[in-house]
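Fair warning: this is a prediction, and the values are worked out from it, not measured in the lab.
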Amino acid sequence: MASEDLVRRSAADVKDDDQLPISSRETETLVDEKTQKQKQKQKRVASVDMFRGLTVGLMVLVDGAGGEWPLIGHAPWFGCDLADFVMPFFLFIVGIAIPLSLKRIPHRGKAVRRLLLRTIKLFFWGFLLQGGYSHAPDELSYGVDMKHIRWCGILQRIALAYLVVAVLEIVTKEADLEDKSTAPFFIYRKYYRQWIVAACILIIYMSLLYGIYVPDWEFRVQYDTSPYYGKVFKVTCGTRGKLNQPCNAVGYIDRKILGINHMYKHPAWHRSKACTEVSPYEGPFKADAPAWCLAPFEPEGILSSVSAILSTIIGVHYGHVLVHLKEHRDRLKHWLSMGVALLILGFVLHFSHAIPLNKQLYTFSYVCVTAGAAALVFSLFYFLVDIVGIRSIFLPLEWIGMNAMLVYVMAAEGIFEGFLNGWYYKSTNNTLVYWVKKHVFVKVWHSQRVGVLLYVLFAQILFWGIVAGILHRLGIYWKL
């Protein structure tokens, strides 16, 4: 599968896309082809690749150093730490790239076929990497019991959001592309049907989140290292409208539809104060910890993924600004004003205790804060790179963004480290990865926390940035 997705192209062929670059169209003459490539290269928005590269880099950082640095990892329940920005940033940049990609495919049938194929590929890789089949990088084994396969995951959520929003973009795209960008609120009016759909999604999500009755439920402990392995516990709920760990509608829907055996077995709430004395670190459960501390929970579940579509719709709006507004000042004014407004709205909802920030539930306040943060970060990249021209320092991020799928699979999902760990000397703990981490980073800094952080920054993120740069020079990209 991967071999079919590796293609060789010249650097001028690369375009902004929702995952990776695509091949250029055939032209009638060599002169026309050269002219077209030059125009495409000039029109390329480097900040899109850099933002995508930053997001993948954050994913690598979170997976590698989140256990040592709680602020880098996910918040146990309410709140928002660094890792909680990664998923919304992914969805945001996917949304930005959708108008840029589809504007080059005027034929609706071709566009639909293309997005369906890309969605299938995303689901496939999601199941393979996060369904339980891959045990990399720590375990030298593979395979999953189908009774316990995890149906949801990061790539599956991205696939769902991409499919829904791309279809929405195709269906609501007007044949009349006349630019009326000088009129107030032009873009909002032009794509008003997308905002109507967004409002409907929000209403459905909020109605289910606060309206569904959550009854008592039971589960069997499935951690073979737990002293309670195989024991059945009962969780008392009998309520509706709660956003706490055991009795929220998000978990109830996933237990009913997905099945509790197919949900994520190591949720972030294991690090909450109710569960462990060493919170926010991972640690042994308290003797009097509530039963739900041992239960699974799906952070990329069904209802929360419905709300996650909103992050992609907001990203699509920013892509529309790129397409229709031609002046840098107009773009930044639009982006910054909307980003600040989203941040203010999200923080007001959170600190007024109306709707708290929660990544696991993907609450509306969380949508607003993370989308607002994504908007400001993307605007900063656009200003520094595409306007001021400060590009060299961000090149590793740009290269990662051009080969995002490759770096995500090899680094964030640990496939490359798993391959290296397969070559050990006498003991499976005596590998090149272990030696480099221990002797080059941890021992030099006399700190496990600092050493792990530097290892992730240099031996993973910077390393794969350089690899992606080499592949870019060779014209090699992994596309979906």
Side-chain angles (χ1 to χ4, degrees), residues 66-67 70 73-81 83-84 130-132 135 144-153 157 205 208-305 307 353 355-363 366:
H74 291 288
W77 193 245
F78 293 123
C80 197
D81 293 338
D84 299 310
Q130 292 194 308
H135 303 166
V144 60
D145 183 351
M146 292 300 293
K147 291 183 179 180
H148 300 282
I149 189 173
R150 183 185 175 198
W151 296 120
C152 299
R157 172 172 284 180
Y205 167 78
L208 295 175
L209 181 66
Y210 289 99
I212 287 184
Y213 176 80
V214 181
D216 300 344
W217 53 284
E218 296 180 346
F219 70 96
R220 186 184 300 273
V221 178
Q222 298 179 15
Y223 310 107
D224 53 8
T225 58
S226 172
Y228 303 105
Y229 177 70
K231 186 176 181 180
V232 177
F233 287 92
K234 182 177 181 180
V235 180
T236 303
C237 289
T239 184
R240 72 177 79 244
K242 297 294 185 180
L243 301 184
N244 56 15
Q245 290 95 326
C247 300
N248 60 80
V250 171
Y252 172 71
I253 291 175
D254 290 336
R255 289 191 295 272
K256 280 294 182 182
I257 298 177
L258 300 175
I260 198 166
N261 291 337
H262 300 285
M263 296 166 63
Y264 186 53
K265 295 176 176 57
H266 303 282
W269 75 25
H270 284 183
R271 297 184 286 106
S272 60
K273 292 181 179 179
C275 298
T276 177
E277 294 283 2
V278 296
S279 176
Y281 292 94
E282 189 94 28
F285 290 122
K286 295 179 179 178
D288 60 345
W292 55 261
C293 288
L294 298 167
F297 182 83
E298 184 51 69
E300 279 82 41
I302 297 171
L303 185 57
S304 57
S305 293
S307 177
H353 304 290
I355 304 176
L357 289 167
N358 191 299
K359 187 265 179 187
Q360 318 297 321
L361 305 179
Y362 222 101
T363 56
Y366 174 75

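- Under the ring-ring contact (aromatic ring centres under 6.0 Å, His included) criterion, Phe285 pairs with His270, sequence neighbours left out.
- The list of salt bridge (charged side-chain N to carboxylate O under 4.0 Å, His left out) pairs with a residue in residues 269-288, not counting sequence neighbours, is empty.
- In this structure the side chain of Leu209 never reaches within 4.5 angstrom of the side chain of Tyr362, judged on heavy atoms.
- A 4.5 Å side-chain heavy-atom check between Ile260 and Pro296 finds at least one atom pair inside the cut-off.
- Asp84 is linked by a side-chain hydrogen bond (donor to acceptor under 3.5 Å, both in side chains) to His74, counting only residues two or more places apart in sequence or in another chain.
- Partners of Ile257 under the side chain to side chain contact (heavy atoms under 4.5 Å, CB included) rule, at least two apart in sequence or in another chain, are Ile253, Ile302.
- Considering all non-hydrogen atoms of both residues, Ala295 and Trp217 come closest at CB-CH2, 3.7 Å.
- Judged by distance alone, the side chain of Ser272 and the main-chain N or O of Pro76 form no donor-acceptor pair under 3.5 Å.
- In terms of the side-chain hydrogen bond (donor to acceptor under 3.5 Å, both in side chains) criterion, Asn244 has no residue partners (sequence neighbours excluded).
- In this structure, Ala249 and Ile212 approach most closely via the heavy-atom pair CB-CB, 4.1 Å.
- Within the 3.5 Å criterion, the main-chain N or O of Val250 finds a donor-acceptor partner in the side chain of Asn248.
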Just distance, no hydrogens or angles: give the donor-acceptor pairs under 3.5 Å from side chains in residues 227-243, sequence neighbours left out.
residue : atom : partner : partner atom : Å
Arg240  : NH1  : Gly211  : O            : 2.5

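- Note: Asn358 CG to Gln245 CD = 8.5 Å, rounded to the nearest 0.5 Å.
- Remark: Cys293 pairs with Cys275 by the disulfide (SG to SG under 2.5 Å) rule, at least two apart or across chains.
- Summarising the geometry, atom CZ belonging to Phe78 is positioned 11.0 Å from atom NE2 belonging to His353; distances are rounded to the nearest 0.5 Å.
- Across Cys152 and Gly301, no two heavy atoms sit closer than the pair SG-CA, 4.3 Å.
- Applying the ring-ring contact (aromatic ring centres under 6.0 Å, His included) criterion to Trp77, with sequence neighbours excluded, gives Trp269, Phe297.
- Rounding to the nearest 0.5 Å places CE of Met263 at 5.0 Å from CG of Asp254.
- Contacts of Tyr205 classified as side-chain hydrogen bond (donor to acceptor under 3.5 Å, both in side chains), with partners at least two apart in sequence or in another chain: none.
- Among residues two or more places apart in sequence or in another chain, the side chain to side chain contact (heavy atoms under 4.5 Å, CB included) test is passed with His148 by Asp145, Gln222, Asn261, Lys265.
- Taking the side chain as every heavy atom from C-beta outward, Arg157 and Ser304 approach each other to under 4.5 Å.
- Residues forming a salt bridge (Lys or Arg N to Asp or Glu O under 4.0 Å) with Glu300 (at least two apart in sequence, or on another chain): Arg150, Lys359.
- For the pair Leu294 and Phe219, the minimum side-chain heavy-atom distance is below 4.5 Å.
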